[in-house]
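Bear in mind the structure is a predicted one, so any value in this text is a computation, not a measurement. Numbered from 1 within each chain, the chains take letters A, B, ... in sequence-line order.
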2 protein chains.
Amino acid sequence: MKSITIKDVAKNSKVSATTVSRVIHGNSKVSPKVREKVLETIKSLNYFPNENARAIVNKRTNVIGLVLTDISNPFYPTLLRGIENTINKSNFSMILCNTDENPTKEERFLRILLEKRIDGLIIVPTGPDISFLKTFEARNIPIVCVDRVVRNVETDSVVVDNFHGAFIATEKLIQSSHQRIAIIGGNKNIFTIGERFRGYTEALDTHGIVTNQDYIKMGGFTIEDYEQDTLNVFSLATPPTAVFSAGNLSTIGIYIALNKMKKKIPRDVSIVGFDDLVWVEALTPPLTAISQPIYQIGATSAQLLLQRMLHEGPSEKQNIMLSTSLVIRESC
Amino acid sequence: MKSITIKDVAKNSKVSATTVSRVIHGNSKVSPKVREKVLETIKSLNYFPNENARAIVNKRTNVIGLVLTDISNPFYPTLLRGIENTINKSNFSMILCNTDENPTKEERFLRILLEKRIDGLIIVPTGPDISFLKTFEARNIPIVCVDRVVRNVETDSVVVDNFHGAFIATEKLIQSSHQRIAIIGGNKNIFTIGERFRGYTEALDTHGIVTNQDYIKMGGFTIEDYEQDTLNVFSLATPPTAVFSAGNLSTIGIYIALNKMKKKIPRDVSIVGFDDLVWVEALTPPLTAISQPIYQIGATSAQLLLQRMLHEGPSEKQNIMLSTSLVIRESC
DNA sequence: TTGTAAGCGTTATCAG
DNA sequence: CTGATAACGCTTACAA
């Protein structure tokens, strides 16, 4: 099954491969007649240039890698669209990899991406030290960290002010005169979650509320975990009167548990959640939530990456922090 | 900035490039000593083979294309994971493209994927006639259609029994002694939605209920559309007593609208929805829903594609239809 | 077991 | 404006 190459087009058009190549990208001068003819046979032969061959001579693949933890987390699809819509304008494609927070998987993916010679990388790193990124750096392949940062190599980055978001979320609860405020969320070792936990603690501190260790349920992973955490914390002798949900999955678990316990929101329990996703408005009552500019996070990181890949923009690394806002609904 | 190539490794190991090549994929015989030496210098030079160069000689990229409408639709992330986890085992990577139901975008992506010489394609086609797929077919690039099918080329496919799912959903409502049943959903021209609409109609027919055109709100696109549709249909002089939500976005709109109208579910209105996503259980009350084996749809299509790419399995195209099930909760 | 040389599909250089 | 020719990084006969 011989594939049609530029030579076939050349032969059929009675010109050289060079000429065909020229009409294809259209930079160089080619006589109108010849161009016409070539275009014609390209069509008739149904010829499509081989990007891999191109890549090897141009040292450029027009592909970027997107490495994130799990596209199933409702945060990511919007992020991805922000990235994709931005890079598409410059004709880049994207290879997607899900690490599931597993550094081994992550390294394997990075290796594959490197071998495919991607032009740039956008990554939500599993941890603060990704040694393989050194290899990218050494080859001058631009890296943008999103949502989390890395400390062993200097990269551009786009994150959100998780600390402040959590702070105002917790403060909102305090201002609604709550004193016994629980926090339910995932693993604190994850950068964003750690920041949110800090924000929660700081808000309590600022308002002179002593943190009750029993009200801290950090370390869940699945919705079921969060559901159980909620059940547990509200079964305490002195249960909290409010809860800050540090992530979107925990919000689901909390609502499920509270529904099962027949607790009315906000009468019995107030809630503020992190992440304002489409379905939180369908909850009863609609969730008061911290909203992140998710799409924009994606678009911004893609812009940063494009700048680097096209060698535009400043040479110093940029570290952008976008801000969050509180969307008040009826759960608090 | 010269990149390190196989020749550098060869030179530094005092062997030929051929030998290096051999130790890299490990098929051919190489003396242990030489192998050792080569491996060593590969490490010390931090050499990584160039997959593009490889691709051009092997006529194989180890990349597949995944073309879907919009990863933001909560149906897709799970589908994607089913695909990814399956192809990763065979060391394939995936380029993701979102068409937004736009045939022009779709064609552009397909062209790009073709030029990148992907080994296989998984696609949720925007419509029933995607002419560009002919080009893939002509080049023997395997295609698997997911969730929807195409009629102008023969492909493997994996779909779900949308008709039957909608049928039993509607029937469930009827069996709860509803007669005035509305349907709210997206554009009927989309294969899956059309099938669901058929299922709804057929169920009514079967049970001798005449369909009331006023109860049919098909054509929404955004959550706001569905919210408005709900508002409208329940403002009718003789409003329905139940509603079948033909998609997950419509479910969100319906709950929002019903909440606003202070309608109690299921006391005032019963609901059955299509798609059993994680958050439907957090709704009040939890949604009775048609569940699709989303992950499995993905995994199955990836398996089909792998078979073709590795030239295993039967030569006749396979058209697989997976079944749905009704998950009963409290909204009906 | 190892190496030489040709070839994969492009593009860039340099003459003409 | 057009065409040889070399080069990109790798693999695979074919020889040795």
Side-chain angles (χ1 to χ4, degrees), chain A residues 1-39 41-42 45-63 91 112 114-119 139 141, chain B residues 1-39 41-42 45-63 111-112 114-119 139 141:
Chain A
M1 188 146 7
K2 208 198 150 302
S3 39
I4 353 167
T5 76
I6 200 171
K7 288 182 188 168
D8 300 311
V9 179
K11 202 163 298 173
N12 278 270
S13 313
K14 301 183 195 316
V15 295
S16 74
T18 309
T19 301
V20 176
S21 177
R22 284 199 262 255
V23 347
I24 289 174
H25 36 294
N27 310 330
S28 332
K29 261 102 253 294
V30 178
S31 85
K33 275 182 195 167
V34 176
R35 142 168 283 105
E36 192 80 356
K37 172 81 182 184
V38 169
L39 252 17
T41 89
I42 283 182
L45 255 41
N46 211 17
Y47 164 77
F48 292 91
N50 184 326
E51 269 285 357
N52 298 301
R54 261 179 158 164
I56 157 179
V57 12
N58 294 336
K59 291 169 178 338
R60 195 160 187 298
T61 52
N62 278 305
V63 176
N91 274 299
I112 291 176
L114 184 70
E115 298 189 342
K116 296 207 184 305
R117 298 297 190 266
I118 54 169
D119 296 331
R139 295 174 183 231
I141 301 172
Chain B
M1 186 147 3
K2 208 196 149 306
S3 41
I4 355 166
T5 77
I6 199 172
K7 288 181 188 166
D8 299 311
V9 178
K11 203 164 297 176
N12 277 270
S13 313
K14 302 184 193 314
V15 294
S16 73
T18 309
T19 302
V20 177
S21 176
R22 285 198 260 253
V23 347
I24 288 173
H25 36 293
N27 308 332
S28 330
K29 261 100 255 292
V30 178
S31 85
K33 274 181 196 168
V34 177
R35 142 169 284 106
E36 193 80 358
K37 171 81 183 184
V38 169
L39 253 17
T41 89
I42 284 182
L45 256 41
N46 211 18
Y47 165 77
F48 291 91
N50 184 326
E51 268 285 358
N52 297 301
R54 260 180 158 164
I56 159 179
V57 12
N58 293 337
K59 291 170 178 340
R60 196 159 186 298
T61 53
N62 277 306
V63 176
R111 188 197 171 92
I112 291 176
L114 183 69
E115 298 189 344
K116 296 207 184 305
R117 298 297 189 266
I118 54 170
D119 295 332
R139 295 171 184 234
I141 302 172

Legend entry - Given DNA chain D, 5'-ward residue of the pair A:Lys14 and B:His25, judged by closest heavy atom: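 That would be A:Lys14.
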
Inset, instruction - Please tell me which of A:Arg35 and B:Val20 maps to the more 5' nucleotide of DNA chain D, matching each residue to the nucleotide holding its nearest heavy atom. - result: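 Nearest nucleotide further toward 5': that of A:Arg35.
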
Legend entry - Given DNA chain C, 5'-ward residue of the pair B:Lys29 and A:Thr5, judged by closest heavy atom: B:Lys29

Just N and O in the side chain of [X]: are any of them under 4.0 Å from OP1 or OP2 of [N]?
X       : N      : answer
B:Ser21 : D:dT11 : yes
A:Arg54 : C:dT11 : yes
B:Lys59 : C:dG9  : yes
A:Ser16 : D:dT2  : no
B:Ser3  : D:dG9  : yes

Inset, instruction - Could you tell me whether the side chain of B:Thr18 has a donor or acceptor atom within less than 3.5 Å of a complementary atom in the base of C:dT4? - result: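 By the distance-only test, yes, there is a pair.
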
Legend entry - Donor-acceptor pair present, B:Arg117 side chain and C:dG9 base, under 3.5 Å: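 No, no donor-acceptor pair under 3.5 Å.
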
Selection from [options] that lies nearest to any side-chain heavy atom of [X]:
X       : options              : result
B:Arg22 : C:dG3, D:dC10, D:dT2 : C:dG3
A:Val57 : D:dC8, C:dT2, D:dG9  : D:dC8
A:Pro49 : C:dT10, D:dG9, C:dT2 : C:dT10

Side chain proximity check, [X] to [Y], heavy atoms < 4.5 angstrom:
X        : Y        : value
B:Leu114 : B:Arg139 : yes
A:Arg117 : A:Ile56  : no
A:Asn12  : A:Tyr47  : no
A:Thr41  : A:Val20  : no

Nearest whole Å is fine: how far is [N] [atom2] from [X] [atom1]?
X        : N      : atom1 : atom2 : answer
B:Lys116 : C:dT10 : NZ    : P     : 14 Å
B:Asn50  : D:dA7  : CG    : C1'   : 14 Å
B:Lys11  : C:dG3  : NZ    : P     : 14 Å
B:Asn58  : D:dC10 : CG    : P     : 12 Å
A:Lys33  : D:dT2  : NZ    : P     : 11 Å
B:Glu115 : C:dG9  : CD    : P     : 15 Å
A:Asn52  : D:dC8  : CG    : C1'   : 13 Å
A:Ile56  : D:dT11 : CD1   : P     : 11 Å

Inset, instruction - Looking only at non-hydrogen atoms, find the nearest pair between A:Ile4 and A:Asn46 and report the distance. - result: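 Closest approach of A:Ile4 to A:Asn46, heavy atoms only: CD1-O, 3.5 Å.
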
Legend entry - Residue pair A:Ser21 / A:Thr18, side-chain donor-acceptor N/O under 3.5 Å: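 On atom types as modelled, these side chains do not qualify, holding no pair under 3.5 Å.
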
